[in-house]
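Here's the structure we're looking at; comments come further down.
Excluded from the calculations below are hydrogen atoms, water molecules and symmetry mates; all remaining heavy atoms, backbone and side chain alike, are included.
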Amino acid sequence: VIISSGTLAQLLPPSLVLVVLADQVGVSVGDLFLGALIPGVMLAGLYALYVVFVAIINPKAAPALPPEARTIKGWALFRETIISVVPPAILVFSVLGSIFFGIATPTEAGAVGAFGALVLAGFNRQLNWDLLVRAGRSTANITALVLMILFCSTFFGLVFDGLGGQRFATQLLSGLPGGFWGFIIVANIVVFLLGINLEFLEISFIAMPILVPAAIILDVNLVWFSVMMAINLNMAFISPPVGFSLFYLQSVTPPEVQTLDIHKGALPFMGLQAVALVLVMLMPQTVTWLIDISKAAAQVPIQ
C-alpha cells in the first residue's frame with residue numbers, strides 16, 4: 001500500500017513527472033495537471049477498494065492498530081487529523097490554483113509552494129537556519145542532477161538526430177502495423193521496460209523526444225499520451241524484480257519484512273495500475289473532460 005500510493009504521487013498534481021513530461025512533449029502543464037486528475041483519483045479509488053476487499057476477506061492481512069497505539073480518540077483524534085491534513089492540502093491547492101487560474105506559471109507556482117512550505121514550517125515551530133541549509137543543499141543536488149541529465153540527453157539527441165536516427169525512428173514508429181493503436185501499444189511497452197531500469201528523468205529527456213514526432217504524425221492527443229506514460233511509469237516503478245520503489249521501501253522496513261514479500265505484495269497493485277491504464281487508453285475522455293470544461297468556462301463572458 002505504501003509503495004503503490006507513493007508512486008501515485010507521480011501522477012497526481014503537482015507531480016514533477018508531469019512537469020517534466022509537459023516540457024518534453026510540448027503541452028501545457030496546466031492541461032496535463034487537469035488531464036491527470038481524474039485518472040489519478042480513479043487509480044486511488046481502485047487502491048482503496050482493493051484494500052477494503054482484502055481487509056474483509058482476510059482481516060489478518062490488514063489488522064487494526066493495537067489498543068496501546070490508540071492513545072488519541074474521539075474529537076481529539078478528529079482535531080489531530082484536521083491539523084495534519086488540512087495545511088498540506090491548502091498548500092497543494094494554492095500551487096495548483098495559481099496555475100489553473102492563470103495567476104502564475106508553473107515555475108512561479110514552485111515559488112508559491114516553497115513560500116507556503118516555509119509558512120507551514122514556521123507555524124509548526126520548525127523553521128530554523130539548519131532546516132533552510134538542508135533544504136537548499138537538497139535543492140541544489142537535485143537541480144544539478146537534472147541539469148546534468150538534461151545536458152547529456154540534449155547531446156545524445158543532437159548526435160542521434162545528426163546520424164539520422166530520429167528520422168529512422170519516426171518512420172519506423174509511424175509505420176507500425178495497426179497504425180495509431182500499434183504505435184500506442186509499442187510506446188507503452190517501451191516506456192514500461194525502460195521504467196523498470198531507469199528513472200523517469202532519463203526516460204522523459206531521452207525516450208519521449210523520440211516518440212513524440214511519430215505521435216504527432218499519427219494525430220495522437222499529446223496530453224492523453226502523456227497521462228498514459230505517467231501511469232505506465234507508475235506501474236514500472238513497482239514492477240519486480242528491479243522496480244525502484246520496491247528497493248526504496250526495503251531500505252526502511254524492519255528485518256522481518258523480506259524483499260520477496262514486498263515484491264509479491266506489489267503484484268496486485270500492478271494489476272490495478274494495468275486496469276487503470278487500459279481504461280484511460282479506451283476512454284480518452286477521462287483525460288480530456290476537465291480540460292474541455294476548463295476551456296469552455298474560460299470562454300464564458302463575465303456578466
Nearest 0.5 Å please: distance from the [atom1] atom of [X] over to the [atom2] atom of [Y].
{"X": "I231", "Y": "L8", "atom1": "CD1", "atom2": "CG", "result": "9.5 Å"}
{"X": "Y248", "Y": "T253", "atom1": "OH", "atom2": "OG1", "result": "15.0 Å"}
{"X": "E108", "Y": "I103", "atom1": "CD", "atom2": "CD1", "result": "11.0 Å"}
{"X": "L222", "Y": "S28", "atom1": "CG", "atom2": "OG", "result": "12.0 Å"}
{"X": "L277", "Y": "L272", "atom1": "CG", "atom2": "CG", "result": "12.5 Å"}
{"X": "L147", "Y": "C152", "atom1": "CG", "atom2": "SG", "result": "11.0 Å"}

Looking only at heavy atoms, which two atoms of [X] and [Y] are closest? And how far apart?
{"X": "I38", "Y": "T286", "answer": "CB-O, 3.3 Å"}
{"X": "L21", "Y": "M208", "answer": "CD2-CG, 3.8 Å"}
{"X": "L34", "Y": "L290", "answer": "O-CD1, 3.7 Å"}
{"X": "V227", "Y": "P39", "answer": "CG1-CG, 3.9 Å"}
{"X": "M229", "Y": "V191", "answer": "SD-CG2, 3.3 Å"}
{"X": "G113", "Y": "V95", "answer": "CA-CG2, 3.5 Å"}

Are any non-hydrogen side-chain atoms of [X] and [Y] less than 4.5 angstrom apart?
{"X": "I217", "Y": "T170", "value": "yes"}
{"X": "V280", "Y": "M42", "value": "yes"}
{"X": "L173", "Y": "L176", "value": "yes"}
{"X": "I210", "Y": "F160", "value": "yes"}
{"X": "V1", "Y": "Y47", "value": "no"}
{"X": "F205", "Y": "F156", "value": "no"}
{"X": "N221", "Y": "T288", "value": "yes"}
{"X": "L32", "Y": "V19", "value": "no"}

Are more than 12 heavy atoms, taken from residues, nucleotides or ligands other than [X], located less than 6.0 Å from that residue's [atom1] atom?
{"X": "I2", "atom1": "CD1", "value": "no"}
{"X": "F53", "atom1": "CZ", "value": "no"}
{"X": "F93", "atom1": "CZ", "value": "no"}
{"X": "D219", "atom1": "CG", "value": "no"}

| request: May I ask you to decide if the ring planes of F269 and Y50 are parallel, tilted or perpendicular, using 30° and 60° as cut-offs? | output: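 It falls in the perpendicular class, over 60°.
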
| Hey, what's the ring geometry for F183 with F225, parallel, tilted or perpendicular (30° and 60° as the breaks)? |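 Parallel.
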
Return yes if some donor-acceptor pair links the side-chain N/O of [X] with the main-chain N/O of [Y] below 3.5 Å, else return no.
{"X": "T139", "Y": "A135", "answer": "yes"}
{"X": "D161", "Y": "G157", "answer": "no"}
{"X": "Q258", "Y": "P255", "answer": "yes"}
{"X": "S98", "Y": "S94", "answer": "yes"}
{"X": "T143", "Y": "A140", "answer": "no"}

Is there a path of hydrophobic side-chain contacts, each under 4.5 Å between heavy atoms of I/L/V/M/F/W/Y residues, joining [Y] to [X]?
{"X": "L49", "Y": "V54", "value": "no"}
{"X": "I238", "Y": "V252", "value": "yes"}
{"X": "F237", "Y": "M228", "value": "yes"}
{"X": "L120", "Y": "I90", "value": "no"}
{"X": "L158", "Y": "I149", "value": "no"}

| request: Applying side chain to side chain contact (heavy atoms under 4.5 Å, CB included), run through V146 and L201 and close with a yes or a no. | output: CA-CA 7 Å; V146 172; L201 289 172; 3.7 Å; yes

| Under 3.5 Å, is there a donor-acceptor pair between the E80 and S84 side chains? | no

| message | Checking Q10 against S15: is there a side-chain donor and acceptor pair closer than 3.5 Å? | response |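 No, no side-chain donor-acceptor contact under 3.5 Å.
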
| request: Test side chain to side chain contact (heavy atoms under 4.5 Å, CB included) on V29 and L18 and set out the steps. | output: CA-CA 7 Å; V29 175; L18 297 181; over 6 Å; no

| Partner of S204 under side chain to side chain contact (heavy atoms under 4.5 Å, CB included), chosen from V20, V25, D23 | V20

| said: Consider side chain to side chain contact (heavy atoms under 4.5 Å, CB included). Of I262, N234, T7, which one does S245 pass it with? | reply: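 The passing option is T7.
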
| task | Report the C-alpha distance between S153 and E202 in whole Å, list the side-chain angles of each, state the deciding distance to 0.1 Å, and finish with yes or no for side chain to side chain contact (heavy atoms under 4.5 Å, CB included). | result | CA-CA 8 Å; S153 62; E202 291 94 324; over 6 Å; no

| query | Between V212 and Q24, is a side chain to side chain contact (heavy atoms under 4.5 Å, CB included) present by the stated rule, with each step listed? | reply | CA-CA 9 Å; V212 168; Q24 295 301 307; over 6 Å; no

